[in-house]
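All values below were derived from every heavy atom in this structure, side-chain atoms included, with hydrogens, water molecules and symmetry-related copies excluded. As the structure lists them, so they are numbered: ligands from 1, and atoms in each ligand from 1. Owing to the predicted nature of the structure, the values given are computational and were not obtained by experimental measurement.
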Amino acid sequence: MVAGDTPGITPGKKEKKMGLRCSDTTELFFEDVRVPAENLIGKEGDGIKLAMMTLDMARPSVGAISLGIAQAAFEAAVSYSKTRVQFGRPICKNQGIQFMLADMATKIEAARLLVYQASWLKDKFYKDRIPFTRQAAYAKLYASDVAMQVTTDAVQILGGYGYTREYLVEKYMRDAKIMQIFEGTNQIQRIVIAQQLL
Ligand SMILES: Cc1cc2nc3c(=O)[nH]c(=O)nc-3n(C[C@H](O)[C@H](O)[C@H](O)COP(=O)(O)OP(=O)(O)OC[C@H]3O[C@@H](n4cnc5c(N)ncnc54)[C@H](O)[C@@H]3O)c2cc1C
């Protein structure tokens, strides 16, 4: 663990990001930084094992954030579809919109169950140390893919307004994208799952 005010650490440029803009992401440079031995986390040589375990712990949380984004986008889409009147009736009366909403709701429910399962196994891990790598990857992979699909469909349901900053759905879509990239990209999740299966 390296404290931020340790001599030799300097921040670089702040990244201009597509989404997740409430959280700053900045380059960091380390030059001749001296770290005391007592700052070592775990045992020497255990770094990769600890890093992998940390990813297992963090993936259900990324699943949970993805689920929250998807749920918010879904609720915005339902609400808008009930009030937006086109061709003499609310757009939610069209089967084309209803089928989109039904698919969104089904995927969100499936993502919720995977996230809850992974979170439950994570809680249990503190006591029984039973690995839950595959279930953590399922939750992160599926919930983040669902967040991307649902937010994109929410933008579609809001039509032109969905593409403007007047409504939040475009923000949800931008925020959802990073969920497929961090804590191991979704390609990497599929590799992790396949390794566990074979
Ligand atoms: C704002 C922000 C915050 C982040 N925070 C975190 C964080 O807190 N924790 C964290 O773990 N990560 C975080 N990341 C993600 C991390 O920084 C990397 O972007 C991510 O691990 C992917 O690495 P890369 O960008 O080098 O992509 P690359 O490794 O160059 O991959 C590029 C593409 O190739 C694919 N690819 C690479 N190898 C394979 C393969 N073997 N098979 C199939 N496809 C492959 C990738 O899936 C990806 O689509 C963050 C990223 C951003 C932008």
Enquirer: Same cluster or not: are Ile69 and Leu168 linked, directly or through other Ile, Leu, Val, Met, Phe, Trp or Tyr residues, by side-chain heavy atoms under 4.5 angstrom apart?
Expert: yes
Enquirer: May I ask you to identify the nearest protein heavy atom to atom 22 (C) of ligand 1, giving residue, atom name and distance to one decimal place in Å?
Expert: Thr185 CG2, 3.7 Å
Enquirer: Below 4.0 angstrom, counting only protein heavy atoms, does anything approach atom 50 (C) of ligand 1?
Expert: yes
Enquirer: Could you check atom 4 (C) of ligand 1 against the protein and tell me its nearest heavy-atom contact, residue, atom and distance included?
Expert: Phe182 CD2, 3.6 Å
Enquirer: Quick one: are Phe182 and Leu20 in side-chain contact, heavy atoms under 4.5 Å?
Expert: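 In short, these two side chains touch, coming nearer than 4.5 Å.
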Enquirer: Just to verify, which of Met173, Met100, Gln71, Met104 counts as forming a side-chain contact (heavy atoms from CB on, under 4.5 Å) with Val150?
Expert: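 Among Met173, Met100, Gln71, Met104, the one meeting side-chain contact (heavy atoms from CB on, under 4.5 Å) with Val150 is Met104.
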Enquirer: How far does CG of Leu101 sit from CD of Gln98, to the nearest 0.5 angstrom?
Expert: 8.0 Å
Enquirer: Which residue pairs pass the salt bridge (charged side-chain N to carboxylate O under 4.0 Å, His left out) test when at least one of the two sits in residues 98-122, sequence neighbours left out?
Expert: Glu109-Arg112
Enquirer: Would atom 36 (N) of ligand 1 count as contacted, meaning some protein heavy atom under 4.0 Å?
Expert: no
Enquirer: Identify the closest protein heavy atom to atom 39 (C) of ligand 1: which residue and atom is it, and at what distance?
Expert: Ile188 CD1, 4.3 Å
Enquirer: Out of Gln189, Gln187, Lys17, Lys177, who is nearest to atom 43 (C) of ligand 1 when you count heavy atoms only?
Expert: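 Comparing heavy atoms across Gln189, Gln187, Lys17, Lys177, the nearest one to atom 43 (C) of ligand 1 lies in Gln187.
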Enquirer: Quick check on atom 15 (C) of ligand 1 - does any protein heavy atom sit closer than 4.0 Å to it?
Expert: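 It does; a protein heavy atom is within 4.0 Å.
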Enquirer: Could you tell me whether Ile178 approaches ligand 1 through its side chain, its backbone, both or neither, with non-hydrogen atoms closer than 4.0 Å?
Expert: side chain
Enquirer: Rounded to the nearest 0.5 Å, what separates atom CG in Asp175 from atom CD1 in Ile65?
Expert: 10.0 Å
Enquirer: Report yes if the side chains of Met57 and Phe125 come closer than 4.5 Å at any heavy-atom pair, otherwise no.
Expert: yes
Enquirer: Determine whether any protein heavy atom is located less than 4.0 Å from atom 31 (O) of ligand 1.
Expert: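 Given the 4.0 Å limit, the answer for atom 31 (O) of ligand 1 is no, no protein heavy atom qualifies.
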Enquirer: Check each heavy atom of Glu15 against ligand 1 and say whether those closer than 4.0 Å belong to the side chain, the backbone, both or neither.
Expert: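 For Glu15, no heavy atom sits under 4.0 Å from ligand 1.
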Enquirer: Would you mind checking which non-hydrogen protein atom is closest to atom 19 (O) of ligand 1, with the distance to 0.1 Å?
Expert: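 For atom 19 (O) of ligand 1, the nearest protein heavy atom is Ile181 CG2, 4.0 Å.
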Enquirer: What do we get for Leu20 next to ligand 1 when only non-hydrogen atoms under 4.0 Å count, side chain, backbone, both or neither?
Expert: neither
Enquirer: Are Arg165 and Glu170 side-chain neighbours, meaning at least one heavy-atom pair lies under 4.5 Å?
Expert: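 Yes; the side chains approach each other to less than 4.5 Å.
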Enquirer: Which protein heavy atom lies closest to atom 10 (C) of ligand 1, and at what distance to 0.1 Å?
Expert: Glu183 N, 3.4 Å
Enquirer: How about Met18 and Ile178: do any of their side-chain heavy atoms sit closer than 4.5 Å?
Expert: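 Met18 does not reach Ile178 side chain to side chain.
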Enquirer: Please name all residues satisfying side-chain contact (heavy atoms from CB on, under 4.5 Å) with Pro36, sequence neighbours left out, ordered by chain then number.
Expert: Glu38, Asn39
Enquirer: Could you check whether atom 26 (O) of ligand 1 has a protein contact, counting only heavy atoms that fall below 4.0 angstrom?
Expert: no
Enquirer: With a 4.0 Å cut-off, strictly under, does atom 47 (O) of ligand 1 pick up any protein heavy atom?
Expert: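 Looking at atom 47 (O) of ligand 1, one finds that a protein heavy atom does lie closer than 4.0 Å.
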Enquirer: Return the residue, atom name and 0.1 Å-rounded distance of the protein heavy atom closest to atom 40 (C) of ligand 1.
Expert: Ile191 CD1, 3.8 Å
